[in-house]
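Below is one structure; the comments refer to it alone.
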Number of protein chains: 2
Amino acid sequence: MTTIHQVAKQAGVSVATVSRVLNGQNSVTAKTRIKVEDAIKKLNYEPSLLGRNLRNSESRLLLVLIPNISNPFYSEIINGIENTAIELGYNILLCETDTNAERENIYFDLVRKKMADGIISMDPAVNTDSLIRLAENHAIIQCSEYAVDSGIPYVTIDNAQAAYRAVKHLIKIGHQRIALINSDKKFLYARQRQLGYQKALEENDMGLEDSLIVHTKGLDFSYGQQAMKKILMQKERPTAIFAVSDLLAIGALKEIHNQGLRVPEDIAIIGFDKIAFSNMTHPTLTTISQPMYEMGKAAADMLVKKIQGEEVESLILEHELVIRESTLG
Amino acid sequence: MTTIHQVAKQAGVSVATVSRVLNGQNSVTAKTRIKVEDAIKKLNYEPSLLGRNLRNSESRLLLVLIPNISNPFYSEIINGIENTAIELGYNILLCETDTNAERENIYFDLVRKKMADGIISMDPAVNTDSLIRLAENHAIIQCSEYAVDSGIPYVTIDNAQAAYRAVKHLIKIGHQRIALINSDKKFLYARQRQLGYQKALEENDMGLEDSLIVHTKGLDFSYGQQAMKKILMQKERPTAIFAVSDLLAIGALKEIHNQGLRVPEDIAIIGFDKIAFSNMTHPTLTTISQPMYEMGKAAADMLVKKIQGEEVESLILEHELVIRESTLG
DNA sequence: CACAGATTTGTAATCCATTACATAACTAGA
DNA sequence: TCTAGTTATGTAATGGATTACAAATCTGTG
């Protein structure tokens, strides 16, 4: 491997001068600069980031933790993160945790051991204790999901309010029995969205029925399908479904079709996230849209600020109800 | 930050001894080992990978290049890569290139500059020249898509054969006019699958019709939908569609429904990849299944071998035709 | 031409961990 | 008890780049 020393020798200057050329410092004569650049080209030299980073004690690498890349919800957020990070001189690397504490710890270690400068966590199943401990000495930002009172800055939307609006919409178009397909209550967003659901029902004097609330063990289509099956086994079936994610909603839709029922005529559905698929289903899915790109952008901005020692404030962004065919009156 | 020196001082030993304890070497007395471990705990010491990696000139990081995380095709492959890599003592980091040469170059640079030990490229739009040049001095493996005659090892399936089988299946159940929704011909897999399509038609004395072959500019649903629209505008419409990816097939399905036609009664469809969503559509999608997990596993194995200086051979794995509702006779 | 002041270049310390080699401590056998 | 042979520990060089500070070169003015 070529080192800065060999370049210096080849160019007949000192390593300091080579370093100056590399870092674009102006205190180098045009003549010397050219000598150095020639040497670099001739030797095909690539400065080792390991050396540089060790000296500067930074890596300019940001980690983005996601539970699972196959959940399209993250896609647009990551876009926002990436564009912003690159603009600020950082690279991002995606880390799939598979909701596995061990794997998560591997990535935490990368930060502890200086191979990365900070983390944007989007994993709702993250081990909060580890995260909080890590945040004591390292730059961490939470995006979408967050640990309450952790002191770790986050970017998110008002989940309760969004769910409230979704259910309100169902009520407005005449539904009186509305089921909730929720994910595991251990997730903050799940609890918040359930609160919104309950608030909407209560405000309209519709009683809560335990049998209309199903919790799933996962987020795949298949869990939505199972949940729907369970709901349809009841004698008095609901006329509308609010699912806390589009994936679950799409699974539910599948099951409704399987049983020969029609959407929205027999049962209306609302999802959450506005993933690309949600516009490909038949009928297209009414859903809640989060400002994903903006969220990513904000998270990246905040993380870099944090790395550079600034204080940052948490952010709650606006959402939107996107009405499509699955809730047409 | 705590360094190995401070630990050594705290424990009353030399840095060499601390390093030995860290690396689990046996030439350390139990007594000293305990002293050192206590010091490490007390000071909350985390060895810097930057220092270690500089010395060892390795990073034990593997990069996985994908064009877009929102394409679920990659999900299971990555799983295979990740599990294998971890077993072999490496971590993987995902890099989304967005089919953007500049962004791709950022990740190539990470390898050139020693921040990563190797790359598994799954981007069909990768700049082949850059990749070949990079492979001269660095460990690279191609997965799924590959550059012919590049000399860079790859793992893939026989795309032409797979496409041939898919179309053969359509012919067998009685179809005589079969359209092809293909992606851009610049992709190797697109050309190979088209060859398979043509071979099946020719073998059955069915003429090729240019108007039945549509090339898309992208891989999203929407492109499949557009392509289908174009196909359905013709006077004599086909009775079956072979799409080179499930995403395109699902877009096509959507358009067929939009126009009030039924699948498979009016038009049959076959996709490619067996992504999770292909089983959620209505009707479920006949498709080609690639051994994704195996592909990932093999790619990771090969990459680590390559990093360790071994020679590796390219691999062609088996595929499978999965017959579902969209082609029920 | 000499000299102060500005500009360019070089020397060597530094970042942190690993490891070859040297040295110290210990063991066992005579 | 002494010595040869092990085993444990320490010293210092090493990896590659950056940078404070020192030294050298240049500029312009009296």
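Within every chain, numbering begins at 1; the chains are lettered A, B, ... in the order of the sequence lines, protein sequences first and strands thereafter. Computed from a prediction, not measured in an experiment: that's the story for all the values here. Values below: every heavy atom of this structure, side chains too, minus hydrogens, waters and symmetry copies.
- A donor-acceptor pair is defined here as one N or O able to donate and one able to accept, closer than 3.5 Å; no such pair exists between the side chain of B:N105 and the backbone of B:A101.
- A donor-acceptor contact closer than 3.5 angstrom links the side chains of B:Y189 and B:S183.
- Residues A:V304 and A:E87 fail the side-chain proximity criterion, which asks for heavy atoms closer than 4.5 Å.
- Remark: side-chain polar atoms of A:T32 are not paired, donor with acceptor, to backbone N or O of A:V28 under 3.5 angstrom.
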**OP:** For B:T156 and B:C143, run side chain to side chain contact (heavy atoms under 4.5 Å, CB included): C-alpha distance rounded to whole Å, both residues' side-chain angles, the deciding distance at 0.1 Å, then the answer.
**Re:** CA-CA 6 Å; B:T156 189; B:C143 186; over 6 Å; no
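- Nucleotides of DNA chain D nearest to B:V15 and A:V15 differ in position, and the one nearer the 5' end is that of B:V15.
- Counting to the nearest Å, the C1' atom of C:dT14 and the CE atom of B:M1 are 13 Å from each other.
- Atom-to-atom, CD of A:E58 to C1' of D:dA17 comes out at 13 Å; the value is rounded to the nearest Å.
- Summarising the geometry, the separation between CD on A:Q25 and C1' on C:dG10 is reported as 14 Å, rounded to the nearest angstrom.
- Note: CG (B:N56) to C1' (C:dA20) measures 14 Å, nearest angstrom.
- With hydrogens and angles left out, the side-chain atoms of A:E104 and A:N127 include no donor and acceptor closer than 3.5 Å.
- Using a 4.0 Å heavy-atom criterion, one finds that B:V18 contacts no nucleic acid atom at all.
- Within residues 28-40 of chain B, the residues having any heavy atom closer than 4.0 Å to DNA chain D are, in order of number, B:V28, B:T29, B:T32.
- Side-chain atoms of B:N53 and B:S59 include no donor-acceptor pair closer than 3.5 Å.
- The side chain of A:S14 contributes an N or O atom lying less than 4.0 Å from OP1 or OP2 of C:dG10.
- One interatomic measurement links the two molecules: CD1 of A:I4 to P of C:dT14, which rounds to 19 Å at whole-angstrom precision.
- We find that NZ of A:K9 is positioned 16 Å from C1' of D:dG16, with the value rounded to whole Å.
- B:R20 places its CZ atom 10 Å from the P atom of C:dT19, with the value rounded to the nearest Å.
- Side-chain N/O atoms of B:T3 include none lying less than 4.0 angstrom from OP1 or OP2 on C:dC16.
- Within 4.0 Å of A:S57, counting heavy atoms only, lies no atom of the nucleic acid at all.
- Salt-bridge annotation for B:E58 and B:K114: absent, with no side-chain N of the basic residue lying under 4.0 Å from a carboxylate O of the acidic one.
- Atom CE in B:M115 sits about 20 Å away from atom P in D:dG15, given to the nearest Å.
- A donor-acceptor pair under 3.5 Å links the side-chain atoms of B:D123 to the main chain of B:A125, judged by distance alone.
- Comparing B:R55 and B:G12 by the nucleotide of DNA chain D that holds the closest heavy atom to each, the one mapping nearer the 5' end is B:G12.
- Under 4.0 angstrom from either OP1 or OP2 of C:dT18 there lies at least one side-chain N or O belonging to B:N23.
- Residue-level contact check: B:S19 touches the bases, meaning some heavy atom is under 4.0 Å from a base atom.
- Across residues 47-54 of chain A, A:P47, A:S48, A:G51, A:R52, A:L54 each have a non-hydrogen atom less than 4.0 Å from an atom of DNA chain D (numbered order).
- Shown here for A:I307 and A:A139, the closest heavy-atom pair between the two residues is CG1-CB, 3.6 Å.
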